[in-house]
Amino acid sequence: MAILDVADIHTYYGEAYVLQGLSLTLEEGQILGLLGRNGVGKTTLVNSIVGFNPPRRGRILFKGADITHIPSFETVRSGMGLVPQGRRVFPTLSSEENLLVAERSVERHGWNLQRVYALFPRLEERRYQRARTLSGGEQQMLAIGRALMTNPDCLIMDEPSEGLAPIIIQGLWEAIEKLKQQGLSILLVEQNAQLALKLVDYVHVMSKGQVVYSGRPQELAANEQIKSSFLGI
Ligand SMILES: Nc1ncnc2c1ncn2[C@@H]1O[C@H](COP(=O)(O)OP(=O)(O)OP(=O)(O)O)[C@@H](O)[C@H]1O
Ligand SMILES: [Mg+2]
């Protein structure tokens, strides 16, 4: 069953026409990868789904309900967790305060401080440290932990590997794999195709505001033409 269904959306910034008829479907319990180079509209898609910049045309269904023109706070309340590009943690709050401000609907999936700390023990060690003084990797863990504290049914992660060292990314990837095993549905937006392909069940490649390729990760890995034309590898 589809948990998130984006159907033929057209999104603008003023007169700039960015998403030009984009469709995608995230199946429940899966990780869908969305790949594409800088500026193809990946974050614009995230903004459209979450309600920061709704599409002018098209429809977005989440758990069967139409969320196309729902305010973002209501979309989050209904179970959409966002891990934004660039982490966006609250810099002057402590690590733990960043988690606590997001806490809600614990009865839904049972995410609380304890469980976030079990997933990311490093965050417990750093619980009283101001978020702006955390390392990039720790801030990324915190951004994921904060989204989990909202007890989401679906997590959207916008370039979680950006700017991080391979060893840190490996730990993050293991954590994301665990989240999938716990039944969370995940839309993983990445520019780094090699990394994303290790994790995803299905993948879409974007170019100029449209999906130009869809397939299983092994199929994309073997498709040199798509990789060189749209992913620069
Ligand atoms: N707030 C905005 N106002 C006007 N144009 C914008 C705005 N945000 C993004 N754009 C434009 O929309 C296009 C898509 O940008 P977007 O941020 O969605 O790309 P992206 O695929 O997420 O890129 P990256 O991999 O660098 O994060 C770009 O041409 C960008 O300049
Ligand atoms: Mg982006």
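One-based numbering, in listed order, for ligands and for the atoms of each. All figures in this text were calculated on a predicted structure; none of them were measured in a lab.
Protein heavy atoms all stay at least 4.0 Å away from atom 31 (O) of ligand 1. The presence of a protein heavy atom under 4.0 Å from atom 14 (C) of ligand 1 is confirmed.
For R108, the CZ atom is densely surrounded, since the number of other residues' heavy atoms within 6.0 Å is greater than 12.
Within the structure, ligand 1 has G39 among the residues with a heavy atom less than 4.0 angstrom away. Assignment of M206 to the shell around ligand 1 is not supported, since no heavy atom sits closer than 4.0 Å.
Of all protein N, O or S atoms, those under 2.8 Å from the Mg ion (ligand 2) number 2.
Distances between N or O atoms of G41 and those of ligand 1 include at least one value under 3.5 Å. Polar contact check, G36 against ligand 1: no nitrogen or oxygen pair lies under 3.5 Å apart.
Residues E124 and R127 are paired through a salt bridge, judged by an N-O separation under 4.0 Å between the basic side chain and the carboxylate. Under the 4.0 Å criterion applied to side-chain N and carboxylate O atoms, E177 and K180 are not assigned as salt-bridge partners.
If you look at Q191 next to ligand 1, the close heavy atoms, those under 4.0 Å, all belong to the side chain.
At the shortest separation from atom 6 (C) of ligand 1 among protein heavy atoms lies Y13 CD1, 3.2 Å. Of the protein's heavy atoms, T43 CB, 3.7 Å lies nearest to atom 17 (O) of ligand 1. Summary of contacts: the protein heavy atom closest to atom 26 (O) of ligand 1 is N38 ND2, 2.7 Å. Atom 18 (O) of ligand 1 has its closest protein heavy atom at T44 OG1, 2.5 Å. The protein heavy atom nearest to atom 27 (O) of ligand 1 is Q85 NE2, 2.9 Å.
Between L164 and R87 the shortest heavy-atom distance is CD2-NH2, 3.3 Å.
Checked against ring pair (Phe, Tyr, Trp, His ring centres under 6.0 Å), F52 has no partners two or more places apart in sequence or in another chain.
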